[in-house]
Protein chains: 4
Amino acid sequence: MWIPIQLNEHSAEPLYHQIEVQLRAFIVSGQMPEGTMLPSIRELAQLTKCSVITVRRVYQDLENEGLIRTRQGTGTFVAKVEDEARDRQRRNAVMEALESAVDAGLRVHFGEDEIVEMLQEVLRSRREADASAAAPGGEEAQHD
Amino acid sequence: MWIPIQLNEHSAEPLYHQIEVQLRAFIVSGQMPEGTMLPSIRELAQLTKCSVITVRRVYQDLENEGLIRTRQGTGTFVAKVEDEARDRQRRNAVMEALESAVDAGLRVHFGEDEIVEMLQEVLRSRREADASAAAPGGEEAQHD
Amino acid sequence: MWIPIQLNEHSAEPLYHQIEVQLRAFIVSGQMPEGTMLPSIRELAQLTKCSVITVRRVYQDLENEGLIRTRQGTGTFVAKVEDEARDRQRRNAVMEALESAVDAGLRVHFGEDEIVEMLQEVLRSRREADASAAAPGGEEAQHD
Amino acid sequence: MWIPIQLNEHSAEPLYHQIEVQLRAFIVSGQMPEGTMLPSIRELAQLTKCSVITVRRVYQDLENEGLIRTRQGTGTFVAKVEDEARDRQRRNAVMEALESAVDAGLRVHFGEDEIVEMLQEVLRSRREADASAAAPGGEEAQHD
DNA sequence: GTGGTCTAGACCACC
DNA sequence: GTGGTCTAGACCACG
């Protein structure tokens with residue numbers, strides 16, 4: 001298992017920001033317990049296909065936030081996070097995204113029901129994509 | 001009636017892009033019939049508190065997309081758009097936002113139900129905000 | 001070898017358009033193979049004595065046309081162009097100019113022969129200019 | 001018969017400039033002898049589908065050049081022009097256009113012969129267009 | 001009044 | 001170093 005980071009090159013969102021958001025989410029969601037060693041800057045650079053400088057900036061930002069800690073010559077590790085802070089961050093990230101989606105929907109005059117409907121459509125398609133990825137030939141698909 | 005554009009100065013998203021997204025949504029949602037004159041570059045610049053150049057770029061991009069038409073010395077107008085294209089764009093804008101929200105949610109291991117729940121929470125809070133904005137004196141509106 | 005761009009400051013034609021036309025011609029004529037790096041925005045701005053913004057616009061327009069590709073922090077490069085499209089563009093540029101010249105000639109009642117004659121005169125003077133530029137010391141070159 | 005002016009709305013060349021060039025050519029080529037009355041500003045505006053202000057500017061520029069003369073309440077008339085000046089202007093307009101066409105051609109590495117060939121192609125197509133316009137149903141077409 | 005072009009210079013993201 | 005965004009203000013073309 002390794003950090004699943006998907007970057008959108010054509011987005012107006014800066015690369016470093018996309019990486020930060022996803023890495024922060026990964027840590028905050030408890031998938032990397034305190035003390036876990038992160039990939040080296042150059043590994044992550046290779047993985048994300050961007051320059052080490054960009055990744056270095058990400059690690060530095062997260063260290064300033066107190067999420068990770070760098071030890072000279074040893075590596076970078078997940079720092080101790082308060083459970084409460086973690087929960088808040090975890091929730092916040094999603095709420096913000098949902099708010100901006102709702103804004104977009106209301107702006108073009110979709111009704112609340114339609115928006116909920118569309119969300120469920122997205123969830124469904126994600127579920128199917130996962131299923132076919134997990135069991136590409138199989139039939140015993142999971143419907144969570 | 002006038003175009004409600006909200007900019008987030010601290011976002012990493014370029015200003016011109018934020019304006020484009022909202023203006024596109026406004027046009028595509030059918031709130032400005034074909035031929036409607038858009039605010040002049042200078043007006044919109046004042047309204048959004050950014051420079052005329054930035055607005056100019058927005059209008060030019062939208063013209064390249066075929067959504068609007070500009071005539072020197074006359075103004076900028078909503079162009080003819082195929083209904084189908086309009087519907088597609090309208091839906092797309094929201095779906096994309098929802099997809100990125102769902103990604104964010106799944107990434108931090110929220111369940112589908114939790115995400116739907118959060119969406120409804122957002123919708124509820126938006127509804128309340130609207131109600132209190134519409135009836136600031138606090139007549140009977142909100143059923144919090 | 002470097003891109004020979006001549007601007008006419010007093011022309012009514014916008015600077016960015018003059019640059020575009022010549023740069024497009026240069027690329028389309030195959031003098032810069034796919035992948036060649038173009039001068040940086042700042043370099044070209046200095047070279048053409050206009051602002052970086054103007055050059056930026058040129059590069060962006062050409063990128064929208066698909067002639068070049070820009071990569072942030074890396075540079076601007078000649079894109080892959082279909083041979084056919086390239087030939088068409090190459091020919092078009094000249095035909096349009098010739099058409100407008102012929103229009104001008106016929107409008108003032110020059111005969112076809114006179115126009116061809118004048119064209120040859122222009123070609124001759126260009127040839128001589130080149131010769132004297134190539135051999136400024138006056139070796140043997142020009143056969144005036 | 002009336003002044004044949006063709007405007008290209010999408011050209012980067014200003015409208016007023018296009019009109020000036022063609023009107024100047026028309027006068028200078030001797031098609032309007034001294035004293036001939038030009039169409040009124042508002043007539044020409046209607047004819048060219050642009051505003052009277054634009055046409056007024058054209059007339060003013062040509063008057064400053066000494067090509068035409070305006071008499072209050074009477075109209076605008078072709079002024080007396082020296083034969084030599086007229087010939088020079090007549091020739092210049094075409095030579096300039098040819099020069100820019102040759103530049104365009106050489107820039108994309110066409111040979112002199114190819115350019116001459118293309119010119120003749122343009123002349124041929126113009127001749128055919130004229131023929132079919134003059135005798136749309138007929139057969140006794142003119143080949144000059 | 002409108003849109004169209006251009007400048008000079010700033011700051012940011014990225015390599 | 002590269003490209004990307006933005007500003008404040010100027011002047012022109014056009015109605």
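Everything numeric here is computed off the predicted structure, so don't read it as measured data.
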Revision key, fill the gap. By nearest-heavy-atom nucleotide on DNA chain E, the more 5' of Ser51(A) and Pro14(C) is Pro14(C)

Practice item. Identify, with sequence neighbours excluded, every residue that meets side-chain hydrogen bond (donor to acceptor under 3.5 Å, both in side chains) alongside Asn92(B). Key: none

**Study point:** Residue-level proximity of residues 64-72 of chain B to DNA chain E when a heavy atom falls under 4.0 Å
**Key:** Thr70(B), Arg71(B), Gln72(B)

Practice item. With sequence neighbours excluded, give me every salt bridge (Lys or Arg N to Asp or Glu O under 4.0 Å) pair touching residues 36-60 of chain B. Key: Arg57(B)-Asp61(B)

Practice item. Specify the separation, in whole Å, of atom CD1 of Ile53(D) and atom P of dC12(F). Key: 16 Å

Review point. For DNA chain F, whose closest nucleotide is more 5', that of Arg56(C) or that of Thr74(C)?
Key: Thr74(C)

Practice item. Could you tell me which residues satisfy salt bridge (Lys or Arg N to Asp or Glu O under 4.0 Å) with Arg86(B), sequence neighbours excluded, listed by chain and number? Key: Asp83(B)

**Study point:** Within residues 94-105 of chain C or reaching into it, pairs that qualify as salt bridge (Lys or Arg N to Asp or Glu O under 4.0 Å) - sequence neighbours excluded
**Key:** Asp103(C)-Arg126(D)

Exercise for review: Identify whether any heavy atom of Ile41(B) sits under 4.0 Å from a base atom; if not, whether one sits that close to sugar-phosphate; answer base, sugar-phosphate or nothing.
Suggested key: sugar-phosphate

Review point. Looking at residues at least two apart in the chain, or sitting in another chain, which of them share a side-chain hydrogen bond (donor to acceptor under 3.5 Å, both in side chains) with Glu63(A)?
Key: Thr70(A)

Point to revise | Contacts of type salt bridge (Lys or Arg N to Asp or Glu O under 4.0 Å), residue Arg107(C), not counting sequence neighbours | key: none

Review point. Could you state the NE2-P distance from His17(D) to dC12(F), rounded to the nearest angstrom?
Key: 15 Å

Point to revise | Residue whose closest nucleotide on DNA chain E lies nearer the 5' end, Glu13(A) versus Glu13(C) | key: Glu13(C)

Review point. Is the backbone N or O of Glu9(C) less than 3.5 Å from a side-chain atom of Ser11(C), with the two atoms forming a donor-acceptor pair by type?
Key: no

Review point. Which pairs count as salt bridge (Lys or Arg N to Asp or Glu O under 4.0 Å) when at least one residue sits in residues 16-40 of chain B, sequence neighbours excluded?
Key: Glu20(B)-Arg24(B), Arg24(B)-Glu65(B)

**Study point:** Residues in side-chain hydrogen bond (donor to acceptor under 3.5 Å, both in side chains) contact with Ser40(A), at least two apart in sequence or another chain
**Key:** none

Check your understanding: What are the 5'-most and 3'-most nucleotides of DNA chain E lying under 4.0 Å from any heavy atom of chain C?
Key -> dT5(E) to dC15(E)

Point to revise | Watson-Crick and G-U pairing of DNA chain E, under 3.5 Å, as dot-bracket with | and [ ] | key: ||||||||||||||.

**Study point:** Heavy-atom donor-acceptor pair, Arg69(D) side chain to Thr76(D) backbone, under 3.5 Å
**Key:** no

Point to revise | All side-chain hydrogen bond (donor to acceptor under 3.5 Å, both in side chains) counterparts of Ser51(D), not counting sequence neighbours | key: Thr54(D)

Practice item. Specify the residue among Gln60(C) and Gly73(B) whose closest nucleotide of DNA chain F lies further upstream toward the 5′ end. Key: Gln60(C)

Practice item. Could you tell me whether Arg57(B) contacts a base, only the sugar-phosphate backbone, or nothing, with contacts defined as non-hydrogen atoms closer than 4.0 Å? Key: sugar-phosphate

